[in-house]
Amino acid sequence: MKKMYFALLASACWLNLGFPQAAANEAEFVTDPVVLHPDQSAMPPAPAPMRVASADRPNMGGGFIEFLFGDGQGQGYQSQGQLDRQRPLYPQQPAYQPQQQSMGQPMMSEPARPAFDPKYEKQVVDYDGREGAGTVVVDTPNKFLYLVQGNGKAMRYGIGVGRPGFAWSGIKTISAKKEWPDWTPPAEMIARRPDLPRHMEGGPQNPLGARAMYLGSTLYRIHGSNEPWTIGTNVSSGCIRMRNEDVIDLYGRVNVGTRVVVI
């Protein structure tokens, strides 16, 4: 009987010791779950956002072709008049440009350019000469060019003519016309002025200006000028120069084959 009593007592003690451990284990099991945050440094970097660029408009060659087949928002077709308005007729720089002063030297500057004489403005005048309508008459001594209109009238423009030793006279025809022409000085001019460029693209800086009308097979031209203050003077190597706005006007009034009388 005593043996049975001690056995039951031992069992109760063992059960009493096991319950707290089990309760502890149970308590650990039912606690709130722990959220584990991964190590951010070990994660691969997020991909960069993708940028989608709009497709460029197809190059259709510009001008009239693009105007016809484009979306209507490009440059489209532009007339020569529109192009002339976009391109300045004269260099975009002031006529008077002070130079930087060097240490110990007096300030040097370009002289101011003379104003354009209004008597050389384009105008319709009386004409009593013997040349027929459509003829260009160059009055070298008086620095005027006439486009005869008939009925005793002519359109008159101011011009610059050849320097002493370079003036000439004769009858020629307009053999070619060019807009914003390139300039290649002839060998004779290079020999006199070795500092000149061997070739110059057309544009406001070009000495031939906005238009050129070539006279026969000679090197002479009626052309524009980027130096409007020289109109009314003896300035060229034989060419007849006009203001750019005037040469554009004359260019639109004459054709290849027009008779030119230089006196």
Side-chain angles (χ1 to χ4, degrees), residues 80 84 89-91 120 122 127 129-150 154-263:
Q80 185 59 48
D84 283 330
L89 293 181
Y90 298 105
Y120 295 115
K122 180 188 74 173
Y127 176 77
R130 61 183 181 180
E131 302 299 336
T135 303
V136 172
V137 178
V138 177
D139 182 353
T140 301
N142 294 306
K143 318 299 189 299
F144 289 119
L145 180 149
Y146 298 85
L147 176 59
V148 181
Q149 296 184 329
M155 185 70 74
R156 190 183 77 181
Y157 308 85
I159 57 175
V161 298
R163 301 190 304 273
F166 292 92
W168 61 281
S169 61
I171 298 175
K172 302 294 179 183
T173 58
I174 294 177
S175 55
K177 298 169 59 179
K178 292 186 179 179
E179 299 175 355
W180 294 103
D182 294 349
W183 181 49
T184 303
E188 298 87 346
M189 188 175 290
I190 294 293
R192 296 192 302 269
R193 290 281 308 278
D195 59 308
L196 292 176
R198 290 342 185 226
H199 180 78
M200 194 171 183
E201 297 294 328
Q205 299 283 350
N206 193 301
L208 295 186
R211 301 289 188 272
M213 289 156 276
Y214 296 77
L215 301 179
S217 59
T218 71
L219 297 176
Y220 300 132
R221 290 156 289 213
I222 300 171
H223 64 80
S225 173
N226 56 14
E227 299 175 334
W229 57 86
T230 63
I231 300 304
T233 67
N234 297 83
V235 64
S236 75
S237 296
C239 286
I240 299 150
R241 64 170 63 179
M242 307 174 70
R243 290 192 303 169
N244 278 332
E245 50 266 52
D246 289 344
V247 80
I248 289 174
D249 184 82
L250 178 65
Y251 186 96
R253 296 174 184 267
V254 300
N255 299 313
V256 172
T258 293
R259 188 166 182 259
V260 179
V261 178
V262 181
I263 57 177

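Among residues at least two apart or in separate chains, there is no salt bridge (Lys or Arg N to Asp or Glu O under 4.0 Å) pair with a member in residues 217-226. For residues 201-221, the ring-ring contact (aromatic ring centres under 6.0 Å, His included) pairs, not counting sequence neighbours, are W168-Y220. Every pair passing salt bridge (Lys or Arg N to Asp or Glu O under 4.0 Å) that includes a residue from residues 223-240 is listed here, sequence neighbours excluded: E227-R241. Every pair passing salt bridge (Lys or Arg N to Asp or Glu O under 4.0 Å) that includes a residue from residues 254-263 is listed here, sequence neighbours excluded: E131-R259.
Pairing each heavy atom of S225 with each of T230, the nearest pair is OG-OG1, 4.1 Å. Contact between K177 and Y251 at its shortest, heavy atoms only, is NZ-O, 2.9 Å.
Residues passing the side chain to side chain donor-acceptor pair (under 3.5 Å) test with K122, sequence neighbours excluded: D249. Partners of E201 under the side-chain contact (heavy atoms from CB on, under 4.5 Å) rule, at least two apart in sequence or in another chain, are D182, H199. In this structure Y120 satisfies the ring-ring contact (aromatic ring centres under 6.0 Å, His included) test together with F144, sequence neighbours excluded. Under the side-chain contact (heavy atoms from CB on, under 4.5 Å) criterion, R192 pairs with F166, E188, M189, S237, sequence neighbours left out. Listed by chain and number, the residues in a side chain to side chain donor-acceptor pair (under 3.5 Å) with R193 are D195 (sequence neighbours excluded). Legend: residues meeting side-chain contact (heavy atoms from CB on, under 4.5 Å) with P228, ordered by chain and number and at least two apart, are Y90, R243. With sequence neighbours excluded, the residues satisfying side-chain contact (heavy atoms from CB on, under 4.5 Å) with P141 are D139. The side chain to side chain donor-acceptor pair (under 3.5 Å) check on N255 picks up nothing, with sequence neighbours excluded.
By the 4.5 Å heavy-atom criterion applied to side chains, R211 and M242 are not counted as neighbours. You'll find the side chain of V254 stays beyond 4.5 Å of the side chain of V260, heavy atoms only. Counting heavy atoms from C-beta outward, K172 and V262 have side chains that stay 4.5 Å or more apart.
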